[in-house]
Amino acid sequence: MDEEILAYDSGGAEIWLAAHVKAFRNARGKVKYIVALLADITESRQLWSLPQLIMTALADEIPIAEIADRLCRRVEEIAPNVVSSLLHIDAEGLVHPLGGPSLPDDYSRALDGVAIGPDVGSCGSAAYHGKAVLAMDIDSDPRWQPYKTRPLEVGLRGCWSSPIKAKDGRVIGTFAFYFRECRAPSRWHERIVEACVQLGALAIERKEARAQITQLAYYDTLTGLPNRARLRHLISEAIAQVADGKSVALAFLDIDNFKDVNDSLGHAAGDEMLVEFAQRLHKQIQPADVLGRLGGDEFVILLPDRDAAGASLVAYRIMEALSPPLKLGARQVPVSVSMGISIYPDNATDLDTLIQQADAAMYKAKQAGRATYRFFSADMNRLAEQRLAHSAALRAALAGGGLSLHYQPQIGTSDGSLHGVEALARWHDPVLGDVSPAKFIPLAEECGLIEQIGLWSIREACRQMAQWRDAGLDIPCVSVNLSPINFQNPGLASVVAEILSEYGLPPKILMLEITESVFLNEHSVAIETMSAMRKLGIGLSLDDFGTGYSSLNRLAHLPIRELKIDRSFMRYVESDPAARAIVTTVVRVGQSLQLIVVAEGVEIEGQRNLLSELGCDVIQGFLYAPALSPSAFGRWLLDHSAKPGERHAAKRRPFDLGAAIRRRSGAQAAGSISGDVVFGSKT
């Protein structure tokens, strides 16, 4: 039998004993005698308590300073004749005390920020050399001469320090024993320090990992400045601390013509410019001010306790500081900035409005010719205020069902049959009335709603297609416009697949319209997303073809099924040879690549006849119908199917709209389709 037993010595101190007990029996099985072997395992138990202490503290997310304090106190309990200390050594080689509860506070504070070196006491020397350093007599040791006064005053005579190393070999700390007499460490001391060095490494590496995570989460990786998330926190803090009669200025800066640097000199030069720009800005602000990078070439400067006059001085200094060109490698590159300034609480009383107003004022500076600054004011910024109101209304419309889809028919040129419908977003606001997509789509892009609107459009179009199918209506396909931002989401294909599955629809009924800007970067996530869509069987249509920069080589390798000729070519296709040549070329390209070609913006018979002669597959436009509400589309389809010229199409696609309606609603007459039975975003 083996047992561990807690006992006490004559002085009341704990003693842990390991007892191995064995009974010896005679021939009849009776215990003849018992042998017990006892071993003192006090030191082993005490050492075991150290990792238990640290692991528990780490699991409980205890701050490192408290962990270091607990470790030092426990060490001094099991080794009463020493004073312990735990230091952190940062990446710059500077000392930062973490734990040393028995050392004088003023001594620990004096150590903070001291650089390690070959003659910097025991700890600084141990960290510098990467090996243990023993000073048996602090008073006479040459490494201790600048630092010995305070330790000697409190009776510390010797110091033994061991480096704490990370997994990669870096010295990240030291663990030290101070002795009250001139002496070397005992074997017991060596065992304690061996354990504490390992435990100290665990604690400090966790501290560094957390600091790195914080740096990545809250600071810009390129410039090291606070990022958008951190800036919001800092600005909120500054606003909360504003005293009566005081103000906070917020400056929003945008580098003028930064895109030209990226395009002409490359992104590496652009990054170098951002770093140099940030450094130049930083020299123009005070220690209490905050400079941050929102992203791209947009920066923010927070100016606490600064009114308009104070902010003007800072803005003027910045403009002056940016007058000399930046040196990027061997090049001298001119730089200027457009700056907008908003004042709290004069202009705004909340964080988001303050930022938006500074942004709006920056745009005014751009409009004024760049390289200048403007203050926000209600008079000069009526449009910006309107934009803020429209942004809030659009957000509410998206959340509360204020958006709807209208549908424009797409007609086959060969037989007049319904090829499909294009879903186009519409917004009717109770206050604003009907807002044109030409206004609210750019607004959605500015305020970060465009991706959500795209996903909403897919879901709403699929819901409608499912209702039509339940009513017996055969709409072959619905096209939905998506933003390039949607295709930057690698999970888009799985989301669309889930929506189709939810409504029991085959992938072929959905066509997603994209523009050339989606795939400008051939190695982007967008190409992978497009391929994933195509594998699912979802159609992809290249919208506004002919207005961008697509090469035929790239086009041939894209997973698209359809080309759309931009409406801008339709207006002059009959009278302008250049427009006709472009349209002809697009049709021929589509035919050679076996793609369906759709022409938008067809308004008159002459355009239709010309497109039909060229072999364009599908036409869409006011010649047939504008984008219609669901109920209006139902009536249009009834009329279209009944036209004599479309009887051939009816034979090819047998369908009785009136019967379908009667099946769904019984007594309801043909043609009186309710708004709930909706057929199948862009103007």
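Position 1 is the first residue of the sequence, and the numbers go up from there. Quick note: numbers below take in every heavy atom, side chains included, and nothing from hydrogens, waters or symmetry partners.
- Between Pro185 and His189, the shortest heavy-atom contact is CA-ND1, 3.7 Å.
- Between Ile204 and Leu98, some side-chain heavy-atom pair lies under the 4.5 Å cut-off.
- With contacts defined as side-chain heavy-atom distances shorter than 4.5 Å, the pair Leu455/Leu492 qualifies.
- For the pair Ser122/Tyr178, no side-chain contact is recorded, criterion being any heavy-atom separation below 4.5 Å from C-beta on.
- The heavy-atom pair separating Ile235 from Leu354 by the smallest distance is CG2-CD2, 4.3 Å.
- Taking the side chain to side chain contact (heavy atoms under 4.5 Å, CB included) definition, one finds that Ser494 meets it with nothing, sequence neighbours left out.
- Distance alone, capped at 3.5 Å, places no donor-acceptor pair between the Asp60 side chain and the Ile62 backbone.
- Put simply, the side chain of Ser125 gets close to the backbone of Pro118: a donor and an acceptor are under 3.5 Å apart.
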Notebook entry, point to check: Does the side chain to side chain contact (heavy atoms under 4.5 Å, CB included) test come out yes or no for Leu58 and Ile67, once each step is laid out?
Noted result: CA-CA 8 Å; Leu58 290 174; Ile67 292 176; 3.7 Å; yes
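- The neighbour count for Phe277 CZ, taken as heavy atoms of other residues, nucleotides or ligands under 6.0 Å away, is above 12.
- Sorted by first then second residue, the side chain to side chain donor-acceptor pair (under 3.5 Å) pairs that include residues 271-285, not counting sequence neighbours, number zero.
- Around CZ of Phe258, the count of heavy atoms belonging to other residues, nucleotides or ligands within 6.0 Å exceeds 12.
- Distance alone, capped at 3.5 Å, is enough to place a donor-acceptor pair between the Asn347 side chain and the Ile343 backbone.
- More than 12 heavy-atom neighbours from other residues, nucleotides or ligands sit within 6.0 angstrom of OH on Tyr107.
- Residues satisfying the side chain to side chain contact (heavy atoms under 4.5 Å, CB included) test with Asp141, not counting sequence neighbours, are Ala135, Arg143, Trp144.
- For the pair Val133 and Thr174, the minimum side-chain heavy-atom distance is 4.5 Å or more.
- Taking 4.5 Å as the limit, every side-chain heavy atom of Arg180 sits out of range of all side-chain heavy atoms of Asn81.
- With sequence neighbours left out, Lys327 forms a salt bridge (charged side-chain N to carboxylate O under 4.0 Å, His left out) with no residue at all.
- Using a 4.5 Å cut-off on side-chain heavy atoms (C-beta onward), Tyr344 and Leu351 make no contact.
- Judged by distance alone, the side chain of Asn486 and the main-chain N or O of Ser483 form a donor-acceptor pair under 3.5 Å.
- Rounding to the nearest 0.5 Å gives a distance of 11.5 Å between CD1 of Ile239 and CG of Leu234.
- Residue pairs meeting the side chain to side chain donor-acceptor pair (under 3.5 Å) criterion with at least one member in residues 198-207, sequence neighbours excluded, are Lys167-Glu205.
- Taken to the nearest 0.5 Å, the CD1 atom of Ile138 stands 13.0 Å off from the OH atom of Tyr147.
- Summarising the geometry of Cys196 relative to Val75, their closest heavy-atom pair is SG-CG2, 3.5 Å, with the distance given to 0.1 Å.
- Side chains of Leu294 and Phe252 form a contact here, defined as non-hydrogen atoms less than 4.5 Å apart.
- Residues Leu156 and Leu103 meet the side-chain proximity criterion, which asks for heavy atoms closer than 4.5 Å.
- Evaluation of the salt bridge (charged side-chain N to carboxylate O under 4.0 Å, His left out) rule for Glu92 yields no partner, not counting sequence neighbours.
- Between atom CG of residue Asp289 and atom CG of residue Leu303 there is a gap of 5.0 Å, rounded to the nearest 0.5 Å.
- Asp256 approaches Ser338 most closely through the heavy-atom pair OD1-OG, 2.6 Å.
- Identified under the side chain to side chain donor-acceptor pair (under 3.5 Å) test for residues 236-246, with sequence neighbours left out: His233-Glu237.
- Here the straight-line distance linking atom CZ of Arg157 with atom SG of Cys159 works out to 13.0 Å at 0.5 Å rounding.
- Sorted by first then second residue, the side chain to side chain donor-acceptor pair (under 3.5 Å) pairs that include residues 64-77, not counting sequence neighbours, are Ser49-Arg74, Glu66-Arg70, Asp69-Arg73, Arg74-Glu77, Glu76-Ser84, Glu76-Ser102.
- The shortest heavy-atom contact between Leu86 and Ala68 is CD2-CB, 3.5 Å.
- Remark: Glu153 engages Arg150 in a salt bridge (charged side-chain N to carboxylate O under 4.0 Å, His left out) (not counting sequence neighbours).
- Taking CG from Asp139 and CG from Leu152, the interatomic distance works out to 5.0 Å, rounded to the nearest 0.5 Å.
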Practice item. Start with the C-alpha distance between Leu253 and Glu298, add both sets of side-chain angles, then the distance that settles side chain to side chain contact (heavy atoms under 4.5 Å, CB included), and finish with yes or no. Key: CA-CA 6 Å; Leu253 298 84; Glu298 294 180 338; over 6 Å; no
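- To the nearest 0.5 Å, atoms CD1 (Ile485) and CD (Gln452) are separated by 11.0 Å.
- Remark: Glu190 engages Arg187 in a salt bridge (charged side-chain N to carboxylate O under 4.0 Å, His left out) (not counting sequence neighbours).
- Among pairs with a residue in residues 149-176, those fulfilling ring pair (Phe, Tyr, Trp, His ring centres under 6.0 Å) read Phe175-Phe177, at least two apart in sequence or across chains.
- When all heavy atoms of Leu94 and Gly113 are compared, the pair lying nearest together is CD2-O, 3.6 Å.
- Residue pairs meeting the salt bridge (charged side-chain N to carboxylate O under 4.0 Å, His left out) criterion with at least one member in residues 219-235, sequence neighbours excluded, are Asp220-Arg293, Arg232-Asp352.
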task = Check the pair Glu451, Gln488 against side chain to side chain contact (heavy atoms under 4.5 Å, CB included), reporting the backbone distance first and the verdict last.
result = CA-CA 10 Å; Glu451 183 176 10; Gln488 293 301 318; over 6 Å; no
- Take Val275 and Leu222 through the side chain to side chain contact (heavy atoms under 4.5 Å, CB included) test and state the conclusion after the steps. CA-CA 7 Å; Val275 173; Leu222 179 65; 3.9 Å; yes
